[in-house]
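In what follows, a single structure is set out as structure tokens and then discussed.
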Amino acid sequence: VALFFNKTQTNSKQIQFMKRFNLIILLLGLLIFNLPQQVNAEVGGLTKCSKSPAFDKRLQATVKKLEQRLATFEVGSPPALSLEQQIARTKARFDKYSRAELLCGADGLSHL
């Protein structure tokens, strides 16, 4: 009787293991099939910011305004240095949006 009981326990453990294994495989399968798909860039009139002329125009206009303000200050003065940093940050932000392949509307603004 003891031999039969140990064999039943082993089979019970194997069955529990297989149930858990099957559950894990099922969950992984569901996760793989439910992952978000790549968004089509032409959805809703949106285009990738890296290819949007309005996005480039907005970048140029923003930098131009900052450069006009920069021209009113003496070179090397604290306000001029601050504006130079702001111009660099603005260019970096627009570059980051382009590389992230965010979608932009006709107005050149990114849409998340």
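Quick note: numbers below take in every heavy atom, side chains included, and nothing from hydrogens, waters or symmetry partners. Given the structure is predicted, the values throughout are model-derived calculations rather than measurements. In this chain, numbering begins with 1 at the start of the sequence shown.
Distance CG/N22 to CZ/R20: 12.5 Å, rounded to 0.5 Å. With rounding to the nearest 0.5 Å, the separation of OG1 in T72 from CG in L70 is 7.5 Å. Rounding to the nearest 0.5 angstrom, the gap separating the CZ atom in R89 from the NZ atom in K96 is 12.5 Å.
Atom CZ of R69 is surrounded by 12 or fewer heavy atoms from other residues, nucleotides or ligands within 6.0 Å. For CD of E74, the number of neighbouring non-hydrogen atoms (other residues, nucleotides, ligands) closer than 6.0 Å is 12 at most.
Within the 4.5 Å cutoff, side-chain heavy atoms of I24 are placed close to those of L28.
Between K91 and L59, the shortest heavy-atom contact is CA-CD1, 4.3 Å. When every heavy atom of L103 is checked against every heavy atom of C49, the shortest pair comes out as C-SG, 3.8 Å. Contact detail for L81 and G76: the closest heavy-atom pair is CD1-O, 3.7 Å. Between C104 and S110, the shortest heavy-atom contact is SG-CA, 3.8 Å.
Evaluation of the salt bridge (Lys or Arg N to Asp or Glu O under 4.0 Å) test over residues 56-68, restricted to residues two or more places apart or in two chains, returns none. Residue pairs meeting the ring pair (Phe, Tyr, Trp, His ring centres under 6.0 Å) criterion with at least one member in residues 74-101, sequence neighbours excluded, are F55-F94.
Scored by the salt bridge (Lys or Arg N to Asp or Glu O under 4.0 Å) test, R99 finds D95 as partners (sequence neighbours excluded).
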